[in-house]
2 protein chains.
Amino acid sequence: MITIKEIAKEARVSIATVSRVLNGTGGYSQETFDRVNKIADAHHYLKNAAAHTLVSASSKIIGILIPSVSTSFSGYIINGIEDAAYAAGYDVILAHTGIGGDERRLLENINMMRNRQVEGLVIVSNQFTETALTLIQRLRLNTTLISTSTRNNSLPAFVIDDVAAMHAVTSYLLSIGHQHIAIIGADPDDHVTGAPRIKGYRDAMMDAGMVPSIAWVQRGDFSYESGYTGFKRLYSGEHDITAVCCVSDEAALGVIAAAHEFGLSVPDDLSVTGFDGTRLSEMVRPRLTTVRQPFYRMGKAGTTALLQHITSGESINGETFPFEIEIRESAKPLDTQRRGE
Amino acid sequence: MITIKEIAKEARVSIATVSRVLNGTGGYSQETFDRVNKIADAHHYLKNAAAHTLVSASSKIIGILIPSVSTSFSGYIINGIEDAAYAAGYDVILAHTGIGGDERRLLENINMMRNRQVEGLVIVSNQFTETALTLIQRLRLNTTLISTSTRNNSLPAFVIDDVAAMHAVTSYLLSIGHQHIAIIGADPDDHVTGAPRIKGYRDAMMDAGMVPSIAWVQRGDFSYESGYTGFKRLYSGEHDITAVCCVSDEAALGVIAAAHEFGLSVPDDLSVTGFDGTRLSEMVRPRLTTVRQPFYRMGKAGTTALLQHITSGESINGETFPFEIEIRESAKPLDTQRRGE
DNA sequence: CTGAAAGCGCTTACAG
DNA sequence: CTGAAAGCGCTTACAG
């Protein structure tokens, strides 16, 4: 790879001049400008990013920390982040923290982001610990959160209102006549997403004068599997459930699969709703009634705000995005369902 | 952030000694070692990666080039790449090239990888052009290909045998009595994946003495949409089709959705097979009979080989992975199907 | 076992 | 408009 030193030699100017020309910072004649650029182009000059980072203390890199990139919604968020970064001339370092929550790997990766001199950090749907939070603060990493938040809102978060969203789907189910509604797949100990969704469900039920029994809340980890086992557990005891609202589209598919095994057809015998509004929810039959989260926009907006903060010091204001209830075929009015027993 | 200079000062040794201690390269007393490390730890020293990259000309970074991270299988591959990189102490830069194939963005990103001094490049399922290939070669980027290949095999590829795989699913369909079998979703002009799969299908049909009509091959771009529109186009003209093999799980779901609109139920009226074996194929009902590709392993093996090449100069040998036909419920013997009209 | 020095490829005042 | 010089934070012969 050719360096500015060689270009300088060939153009018979100093490296300072080459640097100025290549960065277009002014302070050279048109003639010099053309000559230097011509030589640089001829040799396919590419600036050494490490040298630039070292001297300018600006890496033009942002980091993404994500549990796993293979859950169905993470792709949309990453696309949004990447597009925003690309538009601003930033590159992206990606690191997994692992789904189970391997704290050591998480901390290592946060340190890695710092020693790579990332200018900003985007954390996606992560359950990060106090230790991680402290480390981020000590490292003075500009951070933005997508689809997650801290308990005390210490970091700007780009999210939807989980309580309101779950309240809305549950109310929809109530509005079409269902009363025996279960919720499957959320972890009540997860204060960022699980608990609020359960609260939204519970509030809606209460508003309608229903008191959900304990068995109606089947905990899980948002996965297909937790939908599947959750429904099996539920249905073994409770046969009068007519609708289930799930906390992810994948969990909804798990519920539907388990229902099949009981000879139940969706939505004829059971109404099921998803959450997220991923492509999945439109690709299956019956298509899922679900809550659509604007993942791509959340990723993009969060990153754009972060970048704005980096370049012009504007403070980052988190944003709560509107969600949409997509009414499709996996749930239908109780009086059109074949009743259970 | 503290630097070795400050550590040196505090430990009253030279920066050279600090560097040696921190890298564990030997050449210091136990006492010095302890003292320096203690100070470094106390100040949470983190090595400046840019300085290290600049001086050692080794960035410890590999790059991933991928069209989009939101197709259903890309996540598994990226997880494999990331895990292999993490295990070897490498970090990962991710860049999208866009699904449509924005060549300018592709070339820009290849250049970016070079000026970020990536030590290796992993290209995932990309349709890259001659220009891109030339650029990669000129830049002397160590490159490995996952789930794609070059026409002349100039770059090591980690793939499955598409001809054999499609031959196998088609043969399976034939073996359970189907004869009027269509293929939907492949682009015959795509020489890396589309054409080979069509060939596998055609060969299997020919082997069984069938001559597929032109209408039986519905081109597409592997997407859900192309499955959907492909089946609509097909079925408008040909009502005697009893089975469809698709080139992706998503396309299979598109076919199933379109079939529904014709009042056809899968597999009772129509058998459908997928391709890829993503989680999708197990989450839907009926579960898809499909071809499972070991994406995670492909990503991991390709990256491991690349890293081995980088560190010990071993040449990279591409690898053709075994696939598996997963027999599930979306396809069934012709004589158990309700016949079409 | 340890230090002084050169150098990686850039940027940026400063002086002219 | 242009150049000499210092410096970013490291590594690595070389000499002792």
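In what follows, chains carry the letters A, B, and so on, assigned in the order in which the sequence lines appear, proteins first and then strands, with residues in each chain numbered from 1.
C:dG9 atom C1' lies 16 Å from atom NZ of A:K9, rounded to whole Å. Protein atom CD1 of A:I7 is 12 Å distant from nucleotide atom P of C:dG9, rounded to whole Å. Atom CE of A:M1 and atom P of C:dC10 are 11 Å apart (whole Å). Going from atom CD1 of A:I4 over to atom P of D:dA4 covers 13 Å, rounded to whole Å. Rounded to an integer number of Å, the gap from A:I2 CD1 to C:dC8 P is 15 Å. For the pair A:K5 NZ and D:dA4 P, the interatomic distance rounds to 13 Å; values are reported in whole Å.
Considering all non-hydrogen atoms of both residues, B:A84 and B:L307 come closest at O-CD2, 3.8 Å.
Between B:D91 and B:K60, none of the side-chain N atoms (NZ, or NE/NH1/NH2) sits under 4.0 Å from a carboxylate O, so this pair counts as no salt bridge. Comment: A:E119 does not engage A:R114 in a salt bridge, judged by the lack of any side-chain N to carboxylate O separation of less than 4.0 angstrom.
Taking the ring-ring contact (aromatic ring centres under 6.0 Å, His included) definition, one finds that A:F321 meets it with nothing, sequence neighbours left out. A:Y28 meets the ring-ring contact (aromatic ring centres under 6.0 Å, His included) test with A:F33; sequence neighbours excluded.
An OP1 or OP2 oxygen of C:dG3 is reached within less than 4.0 angstrom by a side-chain nitrogen or oxygen of B:T17. Dashed line: the shortest gap from a side-chain N or O of A:S14 to OP1 or OP2 of D:dG3 is under 4.0 Å.
With hydrogens and angles left out, the side-chain atoms of A:T129 and A:E103 include a donor and acceptor closer than 3.5 Å. No donor-acceptor contact under 3.5 angstrom links the side chains of B:T25 and B:N23, judged on distance only. Between the side chains of A:S68 and A:T71, not a single donor N or O lies within less than 3.5 Å of an accepting N or O.
Nearest to the side-chain atoms of A:I15 among the listed nucleotides C:dT11, C:dG3, D:dT11 stands C:dT11.
Checked against the 6.0 Å centroid threshold, B:Y76 and B:Y296 do not count as a close aromatic pair.
Residue B:L94 holds its CG atom at 5.5 Å from CD1 of B:I64, rounded to the nearest 0.5 Å.
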Under-3.5 Å N/O pairs linking protein and nucleotides 13-16 of chain C:
unit_1	atom_1	unit_2	atom_2	d
C:dA13	N6	A:R20	NH2	3.4

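A heavy-atom distance below 4.0 Å to DNA chain D is reached by these residues of residues 21-35 of chain A, ordered by number: A:G27, A:Y28, A:S29, A:T32. Remark: A:L54, A:V55 in residues 40-63 of chain A come within less than 4.0 Å of DNA chain D through at least one heavy atom.
B:H43 pairs with exactly one of B:E6, B:K38, B:E10 by the side chain to side chain donor-acceptor pair (under 3.5 Å) rule, that one being B:E10.
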Would you write out the dot-bracket form of DNA chain C, 5' to 3', with Watson-Crick and G-U pairs under 3.5 Å, [ ] for crossing pairs, | for pairs to other strands and . for unpaired bases? |||.||||||||.|||
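Counting only distance, with no hydrogens or angles, the side chain of B:H309 and the backbone of B:E314 share a donor-acceptor pair below 3.5 Å. Here the side chain of A:T143 pairs a donor or acceptor atom with the backbone of A:L141 at under 3.5 angstrom.
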Determine, stepwise, if the pair A:D190 / A:T193 fulfils side-chain contact (heavy atoms from CB on, under 4.5 Å). CA-CA 6 Å; A:D190 161 18; A:T193 312; 3.6 Å; yes
